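Everything quoted here is computed from the prediction, not taken from an experiment.
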Amino acid sequence: TTSTTTTTTTAAPQECYNYILTGPSGPGAVTFTYTACGGSSTSVGLPSGQTQTVCAVVNSVTMSPSTGSIVADSSC
C-alpha cells in the first residue's frame, strides 16, 4: 500500500466576511487596511461620505484615523 501526504500552504480555511467600510462623517479621509480573503494585505482610502464593501478575513480590518466605520455584513 502507498500513502500520499499532501501539504498545503494554508493551515486552515480562513473565515471571511463582507465588511462595509465607510469614510469619515466629517472632512478628511480614512485609510482602511485589511487582509483580503485570498490572503494579500490591502489598503483602501475612503473620503468623507464614501462607502466600499470588501471581502476580508475576519477581524483583519483596521482603520487610521479611527473616524470611519467598519461593519461586518455577511460571510463571503
Side-chain angles (χ1 to χ4, degrees):
T1 56
T2 45
S3 66
T4 308
T5 310
T6 308
T7 54
T8 56
T9 52
T10 328
Q14 290 178 322
E15 193 179 358
C16 300
Y17 266 81
N18 282 308
Y19 284 92
I20 303 166
L21 311 179
T22 306
S25 53
V30 175
T31 300
F32 295 91
T33 305
Y34 61 93
T35 302
C37 205
S40 60
S41 182
T42 307
S43 63
V44 60
L46 293 178
S48 178
Q50 295 291 306
T51 62
Q52 183 171 333
T53 302
V54 298
C55 182
V57 176
V58 169
N59 295 329
S60 73
V61 188
T62 60
M63 64 180 154
S64 177
S66 298
T67 53
S69 69
I70 302 166
V71 179
D73 184 29
S74 55
S75 56
C76 57

Here the pair of heavy atoms bringing Tyr34 nearest to Val61 is CB-CG2, 3.7 Å

So, for Thr22 and Phe32, which heavy atoms are closest and what is the spacing to 0.1 Å? O-CZ, 3.2 Å

hydrophobic_cluster_shared for Val44 and Ile70, side chain cutoff 4.5 Å: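 Result: yes, single cluster for both.
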
If I take atom CG from residue Leu21 and atom CE from residue Met63, how far apart are they, to the nearest 0.5 angstrom? 9.0 Å

Inter-residue atom distance Ser60.OG - Tyr17.OH, 0.5 Å rounding: 13.0 Å

Which side-chain N or O atoms in residues 51-59 pair as donor and acceptor under 3.5 Å with protein atoms at least two apart or in another chain?
none

Counterpart residues, side-chain contact (heavy atoms from CB on, under 4.5 Å), relative to Thr67 (two or more places apart): Pro24, Val30, Pro65

Contacts of type side-chain contact (heavy atoms from CB on, under 4.5 Å), residue Ser40, not counting sequence neighbours: Ala36, Thr42

Please tell me whether Cys16 and Cys37 are bridged, where bridged means their SG atoms are separated by under 2.5 Å. yes

